[in-house]
Asker: 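Have a look at the structure that comes next, please.
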Amino acid sequence: MTDSVRTRVAIIGAGPAGLLLSHLLANAGIDSIVLDSRSREEIETTIRAGILEQGTVEILDESGASDRVRTAGHRHDGIELRFAGEGHRIDFAALVGRGVWLYPQHEVLKDLIATRLAAGQDLRFGVTADHVEGVETDRPRVLATDAAGNAIEIDAEFVVGADGSRSVARAAVTGSSTGGYFREYPFAWFGILTEAPPSAPELIYSNSPHGFALISQRSATVQRMYLQCDPELDPNSMSERQIWDALQASVDGHDLLEGPIFQRDVLRFRSFVAHQLLRGRVALIGDAAHTVPPTGAKGMNLAVADVVLLNKALQALLLEDDSRLLEAFPEQALQRIWKAQHFSWWMTSMLHVAPDASDFDRLRQLGELRTVVESESGRRYLAEAYTGWPLAGR
Ligand code: PHB
């Protein structure tokens, strides 16, 4: 027995992209169903990045999606770039008059889920999308299976694949589940959570002969830190002492406040852009459409930028029967996606030490870092990109 349901927009994936889109569509009077193979608990507890662009914060706040982002989040007006044993502040406020917010992605997800459920959103956890059909018709369908093994057919006017890097919807749009442009990196991040006070007022991105480290934060008592590592590293193979020694060496002269480490993970790096973002009445957004390496924290922010554009395009399509914004969606979204791809790749390559780096490569890299911090134009480019370019479609 297949349970059939109808909606205007079927959204696969209850991550930031899918949930925010359902919220903005609902504000415009457009119903949707959101499904995700994961449980609510898994979505709300998986640790992700923590930096929101100013435009992301404005949308979450103004749309009523999260009223905690401004009260529980912390505004940061700059970052420190560290290399050759010295710190250099990039002063966002002075350079571009903008800032970023430290507010972990899983907190954004908790807010979005609570907001959507309170508004009566049809939000289904533990439901796995298997297939998207009728892509080039006016009634595309999502065939899915719930946790008990029952088949569900969602009959919609539009389907959105917001289902992350292992997207099921991608095959319906690009013709293959892997179809896209991509690049792998010969390193990964070893991430930890530690119970300790902050080691610095702002984030530190550090390049050293030992590799890259990022000193981020979570709260007054919990800190998030990352260390460049081999992608094959077993996170449990290092003792706490070894981890702290490696972190201290990688920040090269800045003393880190140590504490017990209570969480460890290895984050693999990848740059990816799907060959196509739209086919007929199915669109890809967020990690289903693109993945960036985490240096610069563009992942969720880029997902929000996709949502802003697609929301406008779907309102025109479904409320006014006007498909022009939808037709323009891929090209418009891709302009920002490739700028963010470049920025994430650039921050990554400028700060990490590739395993096969020669002396020439190392010294050139220091020259590059100096070029950026000693030039107001260099610092301003970094500040513009990090705090986020203006959002098209707002
Ligand atoms: C984090 O806090 O998890 C974080 C911050 C900045 C990044 C990446 C991750 O560039």
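Ligands are counted one by one from 1 in listed order, and the atoms in each one are counted from 1 as well. Heavy atoms only: backbone and side chains are in, while hydrogens, waters and symmetry mates are out.
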Asker: So for ligand 1, is Gln217 a polar contact partner (N or O within less than 3.5 Å, distance only)?
Answerer: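 No, there is no polar N/O contact under 3.5 Å.
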Asker: For atom 10 (O) of ligand 1, find the nearest protein heavy atom and state the residue, atom name and distance (0.1 Å precision).
Answerer: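 The answer is Tyr205 OH, 2.7 Å.
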Asker: Hey, does Met347 sit under 4.0 Å from ligand 1 if you only count heavy atoms?
Answerer: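 No.
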Asker: At what distance is the nearest protein heavy atom to atom 8 (C) of ligand 1, and which residue and atom is it?
Answerer: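 Nearest protein contact, heavy atoms only, for atom 8 (C) of ligand 1 is Pro294 O, 3.4 Å.
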Asker: Taking the six-membered ring for Trp, are Tyr226 and Trp189 parallel (under 30°), tilted (30 to 60°) or perpendicular (over 60°)?
Answerer: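 Correct class here is tilted.
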Asker: Between ligand 1 and Tyr103, can you find any atom pair, the residue atom being a heavy atom, that is separated by under 4.0 Å?
Answerer: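 For ligand 1, residue contact (heavy atoms, under 4.0 Å) with Tyr103 is absent.
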Asker: Answer yes or no: is there an ion pair linking Arg141 with Asp155, defined by an N-O contact shorter than 4.0 Å?
Answerer: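 Answer for the salt bridge query: no.
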Asker: Taking atom types as modelled, find out whether Gln365 and Asp361 have a side-chain donor-acceptor pair closer than 3.5 angstrom.
Answerer: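 Distance-only check fails for Gln365 and Asp361.
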Asker: State whether the shortest distance between N or O atoms of Arg218 and N or O atoms of ligand 1 falls below 3.5 angstrom.
Answerer: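 Between Arg218 and ligand 1, an N or O pair is found under 3.5 Å apart.
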Asker: What is the closest protein heavy atom to atom 3 (O) of ligand 1, and at what distance does it sit?
Answerer: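 Looking at atom 3 (O) of ligand 1, the protein heavy atom closest to it is Tyr226 OH, 2.5 Å.
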Asker: Side chains of Ser349 and Tyr185: donor-acceptor distance under 3.5 Å anywhere?
Answerer: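 There is no such pair (donor and acceptor under 3.5 Å, judged by atom type) between the side chains of Ser349 and Tyr185.
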Asker: Atoms of ligand 1 less than 4.0 Å from Ile51 heavy atoms?
Answerer: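 Those qualifying, in numeric order: 5 (C), 6 (C).
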Asker: Between Asp252 and Ser208, do the side chains contain an N or O donor and an N or O acceptor separated by less than 3.5 Å?
Answerer: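 The criterion, which ignores hydrogens and geometry beyond distance, is not satisfied for Ser208 and Asp252.
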Asker: Give the atom numbers and elements of ligand 1 that come within less than 4.0 Å of a heavy atom of Leu203.
Answerer: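 With Leu203 as reference, the close atoms of ligand 1 come out as 5 (C), 6 (C).
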Asker: Which pairs, with at least one residue in residues 109-142 and sequence neighbours excluded, count as a ring pair (Phe, Tyr, Trp, His ring centres under 6.0 Å)?
Answerer: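 Sorted pair list comes back empty.
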Asker: Below 3.5 Å, N or O to N or O, backbone or side chain included: is there any such pair between Ala297 and ligand 1?
Answerer: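 So ligand 1 has an N or O lying under 3.5 Å from an N or O of Ala297.
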Asker: What pairs meet the salt bridge (charged side-chain N to carboxylate O under 4.0 Å, His left out) rule with one or both residues in residues 211-239, with sequence neighbours excluded?
Answerer: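 For residues 211-239, and leaving out neighbouring residues, the salt bridge (charged side-chain N to carboxylate O under 4.0 Å, His left out) pairs sorted by first residue read Arg224-Asp265, Glu232-Arg268.
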Asker: Could you identify the single nearest non-hydrogen protein atom to atom 2 (O) of ligand 1 and state the distance to 0.1 Å?
Answerer: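 Of the protein heavy atoms, Ser216 OG, 2.6 Å lies nearest.
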Asker: Under a plain distance cut-off of 3.5 Å, with no hydrogens placed, do Asp163 and Ser167 share a side-chain donor-acceptor pair?
Answerer: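 Yes, Asp163 and Ser167 have a side-chain donor paired with an acceptor closer than 3.5 Å.
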Asker: What part of Leu214, side chain, backbone, both or neither, has a heavy atom within less than 4.0 angstrom of ligand 1?
Answerer: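 Only the side chain of Leu214 comes within reach of ligand 1.
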Asker: Which of the numbered atoms in ligand 1 are under 4.0 angstrom from any heavy atom belonging to Trp189?
Answerer: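 Reading through ligand 1 atom by atom, the close ones are 8 (C).
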Asker: Considering all heavy atoms of both residues, which atom of Thr46 and which atom of His106 are nearest to each other, and what is their separation?
Answerer: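 Scanning both residues completely, I find the closest heavy atoms to be O-CB, 3.6 Å.
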Asker: Below 3.5 Å, N or O to N or O, backbone or side chain included: is there any such pair between Arg224 and ligand 1?
Answerer: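 Arg224 vs ligand 1: no N/O contact under 3.5 Å.
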